[in-house]
Visitor: 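Could you have a look at this structure, given as structure tokens, before my questions?
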Amino acid sequence: MATKTGGIHKPVTPSADLAAVVGPGAMPRSEIVSKLWAYIKSNNLQDSKDKRQINADAKLEKVFGKKSVSMFEMNKHVSAHVK
């Protein structure tokens, strides 16, 4: 079976701000999103009243550019931090 290398499976390099959350080194976008969610859940950053809202801590605020984002706009902000 061939390894998947395109789309969300293509390794990308996170910016320094994003790497502070997900770790350094190239990884697939899907893995970045998984690590981001693990970080959000382990630090209890989902809004208690609306689980679709993510309340950024200092590290995530550098990635998102603001204090709160919806889970739907999160990927847009992550895209600006990978190359």
Visitor: What donor-acceptor contacts under 3.5 angstrom involve side-chain atoms of residues 12-21, with partners at least two apart or in another chain?
Guide:
residue : atom : partner : partner atom : Å
Ser15   : OG   : Leu18   : N            : 3.2
Ser15   : OG   : His81   : ND1          : 2.8

Visitor: Less than 4.0 angstrom from a charged side-chain N to a carboxylate O is my criterion; do Asp57 and Lys59 meet it?
Guide: no
Visitor: To the nearest 0.5 Å, what is the distance between CG on Asn55 and CG on Leu60?
Guide: 10.5 Å
Visitor: How about Met74 and Ile54: do any of their side-chain heavy atoms sit closer than 4.5 Å?
Guide: yes
Visitor: Do you know which two heavy atoms are closest between Ile32 and Val22, and how far apart they sit?
Guide: O-CG1, 3.7 Å
Visitor: Return yes if some donor-acceptor pair links the side-chain N/O of Glu61 with the main-chain N/O of Ala56 below 3.5 Å, else return no.
Guide: no
Visitor: Which value, rounded to the nearest 0.5 Å, describes the distance between Ser34 atom OG and Arg29 atom CZ?
Guide: 13.0 Å
Visitor: For Lys83, I'd like to know if atom NZ has over 12 heavy atoms of other residues, nucleotides or ligands within 6.0 Å.
Guide: no
Visitor: Would you find more than 12 non-hydrogen atoms of other residues, nucleotides or ligands less than 6.0 Å from Lys35 atom NZ?
Guide: yes
Visitor: Under 3.5 Å, is there a donor on one side chain and an acceptor on the other for Ser70 and Gln53?
Guide: no
Visitor: Heavy atoms only: give me the nearest Lys51-Gln46 pair and the separation to one decimal.
Guide: O-NE2, 2.8 Å
Visitor: Side chains of Trp37 and Leu45, heavy atoms from C-beta outward: is any pair under 4.5 Å?
Guide: no
Visitor: Any donor-acceptor pair under 3.5 Å linking the side chain of Asp47 with the backbone of Lys49?
Guide: yes
Visitor: Run the salt bridge (charged side-chain N to carboxylate O under 4.0 Å, His left out) test on Glu73 and Lys66 for me, step by step, so that the C-alpha distance in whole Å, both residues' side-chain angles and the decisive distance to 0.1 Å come before the verdict.
Guide: CA-CA 12 Å; Glu73 62 180 312; Lys66 53 188 178 178; 3.2 Å; yes
